[in-house]
Amino acid sequence: MYYERPDAATRNTIRVYGEGTAYAVPDQAQLTIGVITENKDVSAAQKQNNEVMNQVTHGLMTMGIPSRDIQTSFYRIDPQYSYENGQQHLKGYQVNHQLQVTVRDISQTGAVINMAVSQGANSVSSIQFIVSSQDAFYNQALTLAVQNAHQKAMNIARDLGVTINRYPAKVTELPKSARPGPVPFQGAMLAHAGPVPIQTGENEITAAIEAEFFYMT
């Protein structure tokens, strides 16, 4: 909170910060699913990776996930070395192909992971839960932030024994908070696991503003 006393150069101003939070149950999920292969020959490593990834992609599409929701997010080929007696020896190549998959029916998230692993995916690195109507909930949070700022200004004015204007002279929207981070997954362990239990919880969507109110003594 900020209180500015009147002087010749400035108007009587009370400046406050307001915050608001809305809670929403996610209705979509973004998964990072990948295939990592290794072989002494780079072409063989690529071929094996492509074959497995085609199986995974086909499986995703048979579950009703359209191609527009399946996007390559990472592709890399790295040489692999071994070290003996201080000498570096090329032992082969690793191909790492990662997909970002959007699951619009969030109840299918666990089934999608299980299917991908059954088709050969050996990397499931994260899950991020999404609220498709993010803007609507953000606007709710923004309204609460304005109300919070107004209440703070009224409290300050009452304590100072002054009267504030009903409407703020200036309102500034502050940067949105970051979306919830991805949930890490240990993909290598999924091949021998049972069905993946997915708990979506709720997303917090916050908004913040700065407001300035003029007051009269």
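These numbers come from a predicted model, not from an experiment. Sequence positions, counted from 1, serve as the residue numbers for this chain.
By the 4.5 Å heavy-atom criterion applied to side chains, T102 and Q30 are counted as neighbours. Annotation: side chain of L99 is in contact with side chain of T72 (closest heavy-atom distance under 4.5 Å). Residues Q98 and I36 meet the side-chain proximity criterion, which asks for heavy atoms closer than 4.5 Å. With contacts defined as side-chain heavy-atom distances shorter than 4.5 Å, the pair Y93/E38 does not qualify.
By the criterion of side-chain heavy atoms lying less than 4.5 angstrom apart, applied directly or through intervening Ile, Leu, Val, Met, Phe, Trp or Tyr residues, Y23 is not grouped with L142; the two fall into different hydrophobic clusters. Under the 4.5 Å side-chain heavy-atom criterion for Ile, Leu, Val, Met, Phe, Trp and Tyr, F74 and V124 are members of distinct hydrophobic clusters. Each of F213 and L144 belongs to its own hydrophobic cluster when Ile, Leu, Val, Met, Phe, Trp and Tyr are linked at side-chain heavy-atom distances under 4.5 angstrom. If you chain together hydrophobic residues whose side chains sit under 4.5 Å apart, Y75 and V42 fall into the same group. Linking Ile, Leu, Val, Met, Phe, Trp and Tyr residues whenever their side-chain heavy atoms come within less than 4.5 Å places M61 and M53 in a single cluster.
Put simply, the side chain of T57 never gets that close to the backbone of N54: no donor and acceptor are under 3.5 Å apart. Between the side chain of D41 and the main chain of S43, a donor-acceptor pair closer than 3.5 Å is present. Side-chain atoms of T37 come within 3.5 Å of backbone N or O of A45 as a donor-acceptor pair. Looking at N49, its side chain does come within 3.5 Å of a backbone N or O of V95 through a donor-acceptor pair. Using a distance-only test at 3.5 Å, with no hydrogens or angles considered, no donor-acceptor pair links the side chain of D78 to the main chain of Q94. No donor-acceptor pair closer than 3.5 Å links the side chain of N96 to the backbone N or O of R76.
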For a side-chain contact (heavy atoms from CB on, under 4.5 Å) check, start with the C-alpha distance between T13 and F214, then their side-chain angles and the critical distance, and finish with the verdict.
CA-CA 5 Å; T13 304; F214 293 147; 3.7 Å; yes
Check the pair V112, L60 against side-chain contact (heavy atoms from CB on, under 4.5 Å), reporting the backbone distance first and the verdict last.
CA-CA 7 Å; V112 168; L60 292 170; 3.6 Å; yes
Checking side-chain contact (heavy atoms from CB on, under 4.5 Å) for the pair I127/I113: CA distance, chi angles, key distance, verdict?
CA-CA 10 Å; I127 299 178; I113 293 173; 3.6 Å; yes
How far apart are the C-alpha atoms of E19 and T206, what are their side-chain angles, what is the distance that settles it, and do they pass the side-chain contact (heavy atoms from CB on, under 4.5 Å) test?
CA-CA 7 Å; E19 294 182 340; T206 62; over 6 Å; no
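To the nearest 0.5 Å, the span separating CD on E204 from CD on E202 amounts to 8.5 Å. Taken to the nearest 0.5 Å, the CG atom of N203 stands 7.5 Å off from the CD atom of Q134. Here CZ of R104 is found 8.0 Å from CD1 of I130. Values are rounded to the nearest 0.5 Å. Between the NE2 atom of H97 and the OG atom of S123 there is a distance of 11.5 Å, given to the nearest 0.5 Å. The line from CD1 of I209 to OG1 of T143 is 10.0 Å long, rounded to the nearest 0.5 Å. Atom CD in Q87 sits 13.5 Å away from atom OH in Y81 (nearest 0.5 Å).
Minimum interatomic distance between I106 and P26 (heavy atoms only, all atoms of both residues): CD1-O, 3.6 Å. V56 and A116 get closest at one heavy-atom pair: CG2-O, 3.9 Å. The minimum heavy-atom distance linking A24 with V131 is given by the pair CB-CG2, 3.7 Å. For the pair A211 and P168, the tightest heavy-atom approach, listed with the atom from each and the gap, is CB-CB, 4.4 Å. Here the shortest heavy-atom pairing between A207 and A145 reads O-CB, 3.7 Å. Heavy atoms only, all atoms of each residue included: Y138 and L174 are closest at OH-O, 4.3 Å.
Side-chain N/O atoms of N155 and Q151 include a donor and acceptor closer than 3.5 Å.
More than 12 heavy atoms of other shown residues, nucleotides or ligands fall within 6.0 angstrom of atom CD in Q80. Crowding of M115 atom CE: a count of heavy atoms from other residues, nucleotides or ligands under 6.0 Å exceeding 12.
Among pairs with a residue in residues 162-173, none fulfils salt bridge (Lys or Arg N to Asp or Glu O under 4.0 Å), at least two apart in sequence or across chains.
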